[in-house]
Amino acid sequence: MRILTIILITLSTAILFADPPDWVDDPGAYQFTATIVGGIVLNIAGEQMGDEGDMFAAFDDDGNVRGIGLMLFPPFGPYEGTPVFEVQLRSNDAGDILHFKYYDASEDAILNVAETYEFIINDIIGDVVDPMIYNFSPITLSFTNVSSTGIDINYESNAEIAGFQFSVDGVDVTNAGGGVAEAAGFTVTSGNNIILGFSLGGAIIPVGSGTLLSLEFELSSENQTLEVINVVFSGSGGSSIPNSGPGSIEIEPFTYNQSTLQAFYFFKLVLINDIEVESNDWVGAFNGDVCVGARKWDTSLCGNGICDLPVMGDDGSEVTEGYMNPGEFPIFKIFDASENIFYSAQPSGFVSSVQNDCEGLYPECMEWNISELYVIDNLNGWIWGCTDSNACNYNADATMDN
């Protein structure tokens, strides 16, 4: 007889929940068996696990229990006196794909195993000298589509997700939603920068990968560090799912993604209230609320003292969704670093476009097109508002009357 030794490696500490799983073996429901003998569990420090109450079990694609392990302590061999599991696997047909889960009683957590087993009738696999190795499958999170006012949180998971919760630090979240969470029918809330996703109807996010959800946050004039902390994912029945990432990411006042489709706007002069900007001020381009290009306006680093602003287009990738399309007009903003203020900005003066051979005033010759080069006399920033001090909508900060 060959003996299968299963080495399971814990990847993270789980969040505590109240009850152990109600896994129940049903030998009478299946005609055939295969045998696994020897489940060895190691934590990340290489220490063998196997406390009282731990469980190792097999399941089919529908979540039906196909075998529960019996914890043993062998009197001989390389794992003498240590906890191992013997599992009788069950099926009504060869070729069934079985999945494994491990219940860690000390953490009250169900840990999903990445590897699967294709059922073979009367099979006995592995031995203590050359064991098969199984690993837990955590959820991995990452950031994509980063902008000055939003970000996507992506996920990759080998476990079904029944709920999640995490906190966001470093920005002021205004909205959270979309992605697979919305597609699955989850309710998502974002009060006090705590993001909570759940389903009262028992919906789940299936095994797979993609955008979990998108975050929107306040535009800031300062560099910010967005950090996702206190992350909890749960499976069906409230079981905890280990996870890792996404950590933190820097958000600058004008943050955008590179695109394969670009146009360039050259401004001979950039002004704020008719005064030329400083070298640490910024100019940004937007399509609606989406930043599609930015440049620190240090003319000493530009040819002949004239800087260009790259403006990105939608090239069909996820990270350029909402970027410029031919025929659309970008919106410009100026960030005054010394005053920590954003200004709406308007091009003016003579405008020419190289590719389309257009010459005229703003905005006729400024519609975005792929690989176009635009030359503009100046870009002037103002704070628009009512400058009449006797009016009910008077704006003391306004520098241009609207």
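- Listed for the Asp336 side chain is a donor-acceptor partner under 3.5 Å among the backbone atoms of Ser338.
- Tyr374 pairs in a ring-ring contact (aromatic ring centres under 6.0 Å, His included) with only one of the listed residues (Tyr265, Trp368, Phe264), which is Tyr265.
- Counting heavy-atom neighbours within 6.0 Å of Glu52 CD, excluding the residue itself, gives a total of 12 or less.
- No more than 12 heavy atoms of other residues, nucleotides or ligands lie within 6.0 Å of CG in Asn192, so this atom counts as exposed by the packing criterion.
- Between Phe254 and Trp282, the ring planes are tilted. Angles from 30° to 60° get that label.
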Working for ring-ring contact (aromatic ring centres under 6.0 Å, His included), residues Phe164 and Tyr155: CA-CA 12 Å; Phe164 58 85; Tyr155 79 104; 9.3 Å; no
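- Val168 places a side-chain heavy atom less than 4.5 Å from the side chain of Leu226.
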- prompt: Where do Asp152 and Ser214 land on the side-chain hydrogen bond (donor to acceptor under 3.5 Å, both in side chains) test, with the steps shown first?
  reply: CA-CA 4 Å; Asp152 289 346; Ser214 300; 2.5 Å; yes
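- To the nearest 0.5 Å, atom CG of residue Asn175 and atom CZ of residue Phe217 are 12.0 Å apart.
- A distance of 10.5 Å separates CZ in Phe166 from CG in Asn243, rounded to the nearest 0.5 Å.
- When every heavy atom of Met55 is checked against every heavy atom of Pro21, the shortest pair comes out as SD-CG, 4.2 Å.
- Note that CG of Asp281 is 5.0 Å distant from CD1 of Ile272, once rounded to the nearest 0.5 Å.
- Heavy-atom contacts from other residues, nucleotides or ligands closer than 6.0 Å to CG of Asp274 number more than 12.
- Here Thr225 contributes atom OG1 and Glu250 contributes atom CD; the two are 3.5 Å apart, rounded to the nearest 0.5 Å.
- Counting heavy atoms from C-beta on, the side chains of Ser259 and Met324 never come closer than 4.5 Å.
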task: Please lay out, stage by stage, how Asp169 and Asn193 fare under the test side chain to side chain contact (heavy atoms under 4.5 Å, CB included).
output: CA-CA 7 Å; Asp169 194 17; Asn193 273 24; 5.9 Å; no
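- The shortest non-hydrogen separation linking Gly81 to Phe73 is O-CD2, 3.6 Å.
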field: Trace of the side chain to side chain contact (heavy atoms under 4.5 Å, CB included) decision for Gln88 with Thr35
entry: CA-CA 5 Å; Gln88 199 77 19; Thr35 304; 3.6 Å; yes
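- Between the side chains of Thr149 and Asp289, no donor-acceptor pair of N or O atoms lies under 3.5 Å.
- Not one N or O on the side chain of Asn304 forms a donor-acceptor pair closer than 3.5 Å with the backbone of Ile306.
- Between the side chains of Asp93 and Ser91, no donor N or O sits under 3.5 Å from an acceptor N or O.
- Of the N and O atoms on the side chains of Asp54 and Tyr102, at least one donor lies less than 3.5 Å from an acceptor on the other residue.
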- request: Apply side chain to side chain contact (heavy atoms under 4.5 Å, CB included) to the pair Phe233 and Leu141, showing each step before the final yes or no.
  value: CA-CA 11 Å; Phe233 279 89; Leu141 300 176; 3.8 Å; yes
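- Inter-residue side-chain proximity for Tyr30 and Asn64 is flagged as met; some heavy-atom pair is nearer than 4.5 Å.
- Every residue meeting the side chain to side chain contact (heavy atoms under 4.5 Å, CB included) condition with Ala176, not counting sequence neighbours, appears here in chain and number order: Val188, Ser190, Ile195, Leu213, Leu215.
- Between Ile205 and Ala184, the shortest heavy-atom distance links the atoms CG1-CB, 4.0 Å.
- Taking the six-membered ring where the residue is Trp, Trp23 and Tyr103 present perpendicular rings, their angle passing 60° and hence far from 30°.
- Applying the side chain to side chain contact (heavy atoms under 4.5 Å, CB included) criterion to Pro27, with sequence neighbours excluded, gives Asp25, Arg90.
- No side-chain heavy atom of Leu200 sits under 4.5 Å from any side-chain heavy atom of Thr187.
- Both tests pass for Lys333 against the ring of Phe286: distance under 6.0 Å to the centre and angle within 45° of the axis.
- Using bins of under 30°, 30° to 60° and over 60° for the plane-to-plane angle, the ring pair Phe100/Phe56 lands in the parallel bin.
- When atom types are taken as modelled, the side chain of Asn287 and the backbone of Tyr323 share a donor-acceptor pair closer than 3.5 angstrom.
- In this structure, CD1 in Ile341 is found 12.5 Å from CD1 in Ile334, a value given to the nearest 0.5 Å.
- Side-chain N or O atoms of Thr174 include none that pairs as donor or acceptor with a backbone N or O of Glu218 at under 3.5 Å.
- Classified by interplanar angle (parallel below 30°, tilted 30° to 60°, perpendicular above 60°), the ring pair Phe119/Tyr117 is perpendicular.
- The line from CD1 of Ile151 to OG1 of Thr211 is 11.0 Å long, rounded to the nearest 0.5 Å.
- The two residues Gly284 and Leu309 come nearest to each other via the heavy atoms C-CD2, 4.2 Å.
- Val65 places none of its side-chain heavy atoms less than 4.5 Å from the side chain of Asp26.
- The only option from Asn378, Asp377, Asn380 that meets the side-chain hydrogen bond (donor to acceptor under 3.5 Å, both in side chains) definition with Ser348 turns out to be Asn378.
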task: Assess whether side chain to side chain contact (heavy atoms under 4.5 Å, CB included) is satisfied between Arg66 and Leu89, documenting all intermediate values.
output: CA-CA 6 Å; Arg66 293 294 192 92; Leu89 303 175; 5.7 Å; no
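- Gly327 and Asn369 get closest at one heavy-atom pair: N-OD1, 4.1 Å.
- Heavy-atom neighbours of Glu227 CD from other residues, nucleotides or ligands within 6.0 Å: above the threshold of 12.
- Remark: side-chain polar atoms of Asp315 are paired, donor with acceptor, to backbone N or O of Thr260 under 3.5 angstrom.
- When all heavy atoms are compared, the tightest approach of Gly322 to Asp314 is N-OD2, 3.8 Å.
- Between Gln258 and Met312, the closest side-chain pair of non-hydrogen atoms falls below 4.5 Å.
- In this structure, the side chains of Leu212 and Val180 come closer than 4.5 Å at one or more pairs of heavy atoms.
- Annotation: side chain of Pro310 is in contact with side chain of Tyr256 (closest heavy-atom distance under 4.5 Å).
- Put simply, the side chain of Asn92 gets close to the backbone of Gln31: a donor and an acceptor are under 3.5 Å apart.
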